[in-house]
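Since the structure comes first, as structure tokens, the remarks are kept for the end.
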Amino acid sequence: MHATESFFDQVTRYFNDAARFTTYPEGLLAQIRCCNSIYRFDFPLRRADGTIEVIHGWRVEHSHHKLPTKGGIRYAPDVHEEEVMALAALMTYKCSIVDVPYGGAKGGIKIDPKQYTAEELERITRRYTHELVKKNFIGPGIDVPAPDYGTGEREMAWIADTYSALHPGQLDAIGCVTGKPLAQGGVNGRREATGRGLFYAIREACSHAEDMQALGLTTGLEGKRVVVQGLGNVGYHAARFCREAGAIIVAIAEREGAITNPKGLHEDEVFQHRKGGASILTFPGATPLPSTAAALEMECDILIPAALENQFTAGNAPRVKAKIILEGANGPTTPDADPIFRQKGVMVIPDIYANAGGVTVSYFEWLKNLSHVRFGRISKRHEEANERQMLKAIELATGTSFSEAQRAALAKGPDELDLVNSGLEETMINAYNGLRDTRKQHPEVPDLRTAAFLTAIHKVARSYMELGIFP
Ligand code: NAD
């Protein structure tokens, strides 16, 4: 990494590397690259012990080429403006790659949530929402937050409740935020969507025989050795779906250290062990690794960084032995590490595509909120009845008869989770093949990340050009 290069500068470098393959005027590229609105604010929190603390918050709307803007809210002690800007920019590119009609945004609060009580976190979250309302930085047609590092359904419920209370009678108020609990307008499947999306991405990548041969791998996930860094929302679910598809989780890294077991770890057992406050290092039957960083350098087929940015630098990239890096986190690979991976023949499946499952299902949640009806509610029984008719016709034509169990399995109208997962699967598979085709059509595009940025630039540029702003 260049000494003074921020995360936003890194994203800009990736953008510029891809923009070289276009002929757009520099003014248009500059408009796509820049952050359209940045809101920074401070507010006081009275802590449980009576002291007052100043809380620092941000919301960045990177691109207004489509509205609303969309992106998660991060609670972490080292959140800063350039980080939020970078994450907002990644959201713009991510949304366009998976054809989700939003501009990118991101929010952040500079706190370590572990140091605050639930009641303090609630007050922080509600006040943060107030601040966003004050400046028109939130709303179902304006800017729609979602969970990110350090936040989850609980925080989203507080945001939805605060926003709704401030907008009495606004019919679509609940669509002001996604990633909500089911009972508060959430959608089935959102919780695990980013991990499931990562799974669809890697399953699709591993299905192309020629790509796998080039890596010295066979097709399919069965038996592939996986290392996961970060057992939070993204890492846990990515590990779970990969394991369920036959992959072996050979190592898991968390803040306090990392463990390995060549026979395989079960992510939920490790999660339950840590939940009680125990260190990952005392998980029974596993061998501790010398450090969290050591897990990133382990011999494996698939490495899933799912914690934070800047994990792969020019320093450790030469020691990474994984054949595929599946970026669950945003920005885990610095632009100085990427050429090293290219040169070593490591396949990097970039964040702006790989972790787009979360925003894709957030889009479905928002659609559900705007339509005020659960997916499948109107058509489920109707489809089931049609399928039963079809089975009856098959029975009549063939003289066979299905058992009631077979009938129930074959004639099942889709429920909300079926539809959400199928929409996510379709999105992830199409987008992967879109990136792969771009590389095939442009052999000079060196890797999937550049192909992903190039795809995003074309899509955002087209929106601006259709507005007639640029020639
Ligand atoms: P999370 O807070 O649920 O989990 C993060 C986990 O990483 C925690 O368990 C934490 O202890 C662990 N961790 C922190 N530092 C670590 C380190 N140095 N080594 C190993 N583990 C470490 O957060 P999340 O929602 O899973 O997000 C993780 C990453 O995925 C972030 O980069 C986020 O921007 C990105 N992301 C999240 C979503 C989403 O839907 N939540 C969507 C897209 C991208």
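Excluded from the calculations below are hydrogen atoms, water molecules and symmetry mates; all remaining heavy atoms, backbone and side chain alike, are included. Remember, it's 1-based here, ligands and their atoms both numbered in the order they're listed. When a residue number appears, it is its place in the shown sequence, counting from 1.
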Side chains of T282 and H273, donor plus acceptor under 3.5 Å: yes
Shortest heavy-atom approach to atom 7 (O) of ligand 1 - which of G230, G331, A193, P332: G230
Nearest neighbour in protein (non-hydrogen) for atom 8 (C) of ligand 1: E254 OE2, 3.4 Å
Proximity of E309 to ligand 1 by residue part, where a heavy atom lies under 4.0 Å: neither
Whether F41 and F43 hold their rings parallel, tilted or perpendicular, with breakpoints at 30° and 60°: parallel
Test item, Q311 contacting ligand 1 (heavy atom, 4.0 angstrom): no
G358 N/O to ligand 1 N/O under 3.5 Å: no
R449 and D351 ion-paired at < 4.0 Å: yes
Minimum non-hydrogen distance to atom 2 (O) of ligand 1, winning option of G232, G150, A253: G150
Over 12 non-hydrogen atoms of neighbours within 6.0 angstrom of CZ in R47: yes
Atom 41 (N) of ligand 1: nearest protein contact (heavy atom, Å): V234 CG2, 3.9 Å
Rounded distance [0.5 Å steps], CG in N369 versus NZ in K180: 3.5 Å
For atom 23 (O) of ligand 1, closest protein heavy-atom neighbour: Y149 CA, 3.4 Å
Expected output: side-chain K344 to main-chain V320 donor-acceptor under 3.5 Å: yes
Distance from atom 3 (O) of ligand 1 to nearest protein heavy atom, with residue and atom: N233 N, 3.0 Å
N or O pair under 3.5 Å between R74 and ligand 1: yes
Min N/O separation N355 to ligand 1 under 3.5 Å: no
Which residue and heavy atom of the protein sit nearest atom 33 (C) of ligand 1, plus the separation: D148 OD1, 3.1 Å
Reported OG1-to-CD1 distance for the pair T129 and I124, which is rounded to 0.5 angstrom: 11.5 Å
Atom 40 (O) of ligand 1: the protein heavy-atom neighbour that sits closest, reported with distance to 0.1 Å: T194 OG1, 2.8 Å
Geometric cation-pi criterion, R274 with F283: 6.0 Å, 45°: no
Quiz item: cation-pi between R59 and Y128, 6.0 Å / 45°: no
Ligand 1 contact on R190 by region, counting heavy-atom pairs under 4.0 Å: side chain
Per-residue contact class, A356 against ligand 1 - non-hydrogen pairs under 4.0 Å: neither
Shortest heavy-atom approach to atom 29 (C) of ligand 1 - which of G328, A307, G197, A354: A307
Enumerated ligand 1 atoms positioned under 4.0 Å from heavy atoms of Q229: 19 (N), 20 (C)
Atom 19 (N) of ligand 1 [closest protein heavy-atom partner, distance rounded to 0.1 Å]: T292 CG2, 3.2 Å
Parallel, tilted or perpendicular: ring planes of Y432 versus Y353, cut at 30 and 60 degrees: tilted
Polar atom proximity, K94 to ligand 1 (N or O, under 3.5 Å): no
Ring centroid separation Y93 to F453 under 6.0 Å: yes
Aromatic plane relationship, W58 with H56 - under 30° parallel, 30 to 60° tilted, over 60° perpendicular: tilted
